[in-house]
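Index from 1, following the sequence.
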Amino acid sequence: MPAKRTPSANETRAWQRMLSGRRLDLLDPSPMDVEIEDIAHGLARVARWNGQTIGDHAFSVAQHSVVVEQICAALEPKLTPAQRLTALLHDAPEYVVGDMISPFKAVLGGDYKAVEARLERAIHLRFGLVAATPVKLKKLIKRADHICAWFEATQLAGFKPAEANRFFGKPPANVDLTLAPEPTSIAQDTFLTRHAELIEAMDKAAA
């Protein structure tokens, strides 16, 4: 394997130093520089809806991710631990790039998606998942993501149900969520705990 190129002093910095001490290269992210503690720390501090939600705390991407994984399991009870971990990590790249609202992603176009895809690949490989999410599972996660977004929109972000229906689709009648933003420390610990549970379940399934 060729040695990793060291950028010159004149080049624009394209890496981020994490609290773990890792330097994550956004142009060529390595799975070896991905730590779950960094992901949980970052996602618990990234606000959904650009922070435009009610309450004393932001509704974080970490909290959203745990809910989406639960919805996926409710929609498809036979998911494997690896598939459920994929759902939990579906927004993990946002610990680096933040949670950009959909209209801004549309403005940025393909470059943003390319960076996000490279990060997702590194994250997946770090935790023993397939590099790219299979299409069927990706569709399930997207459906769960829209369901969660509907409840976030109507309960936390000031949307009327009819408006949320237009953007996210009406959720199934058998899915009912009550969401309340959690303090950062709780969202972070809950995400870490769920990740550890799924890693343990994956190890048992592989034994």
> Counting only heavy atoms not in Arg121, do more than 12 sit closer than 6.0 Å to its CZ atom?
Replying inline: no
How far does [atom1] of [X] sit from [atom2] of [Y], to the nearest 0.5 angstrom?
X      : Y      : atom1 : atom2 : answer
Arg166 : Lys160 : CZ    : NZ    : 12.5 Å
His124 : His90  : NE2   : NE2   : 10.5 Å
Glu116 : Ile123 : CD    : CD1   : 9.5 Å
His64  : Asp145 : NE2   : CG    : 4.0 Å
Glu69  : Glu197 : CD    : CD    : 9.0 Å
Arg84  : Cys72  : CZ    : SG    : 9.0 Å

Which heavy-atom pair separates [X] from [Y] by the least distance, and what is that distance?
X      : Y      : value
Ala187 : Ala62  : O-CB, 4.0 Å
Val96  : Leu24  : CG2-CD2, 3.5 Å
Ala144 : Ile71  : CB-CG2, 3.6 Å
Gln188 : Arg45  : OE1-NH1, 2.7 Å
Ile54  : Pro181 : O-CG, 3.7 Å
Thr53  : Ala58  : OG1-CA, 4.4 Å

Within the structure provided, determine whether [X] and [Y] are in side-chain contact (heavy-atom separation under 4.5 Å).
X      : Y      : result
Glu37  : Leu19  : no
Ile199 : Ile36  : no
Ile147 : Leu75  : yes
Arg143 : Pro172 : yes
Leu88  : Phe127 : no
Pro161 : Trp150 : yes
Arg118 : Asp28  : no
Val175 : Phe151 : yes

>> Set out, in order, the CA-CA distance, both residues' side-chain angles and the distance that settles side chain to side chain donor-acceptor pair (under 3.5 Å) for Asp38 and Ser20, then state yes or no.
In response: CA-CA 7 Å; Asp38 292 332; Ser20 65; 2.5 Å; yes
> Parallel, tilted or perpendicular: which fits the ring planes of Phe159 and Phe167, with parallel below 30° and perpendicular above 60°?
Replying inline: perpendicular
> Do Glu94 and Leu43 pass the side chain to side chain contact (heavy atoms under 4.5 Å, CB included) test, and can you show the C-alpha distance, the side-chain angles, and the key distance before you say yes or no?
Replying inline: CA-CA 7 Å; Glu94 293 179 6; Leu43 295 186; 4.1 Å; yes
>> Using side chain to side chain contact (heavy atoms under 4.5 Å, CB included), reason through Val68 and Asp91 one step at a time and then give a plain yes or no.
In response: CA-CA 10 Å; Val68 167; Asp91 278 339; over 6 Å; no
Ignoring hydrogens and geometry, is there a side-chain-to-backbone donor-acceptor pair from [X] to [Y] under 3.5 Å?
X     : Y      : result
Gln63 : Ala180 : yes
Arg22 : Met32  : yes
Gln52 : Trp49  : no

>> Pair Met18, His41 - check side chain to side chain contact (heavy atoms under 4.5 Å, CB included), show working.
In response: CA-CA 10 Å; Met18 301 298 173; His41 183 94; over 6 Å; no
Path from [X] to [Y] over hydrophobic side-chain contacts below 4.5 Å:
X      : Y      : value
Val61  : Ile186 : no
Leu125 : Val34  : no
Tyr95  : Val115 : yes

> When Gln83 is tested against each of Leu140, Leu198, Leu137, Ile141 for side-chain contact (heavy atoms from CB on, under 4.5 Å), which residue passes?
Replying inline: Leu137
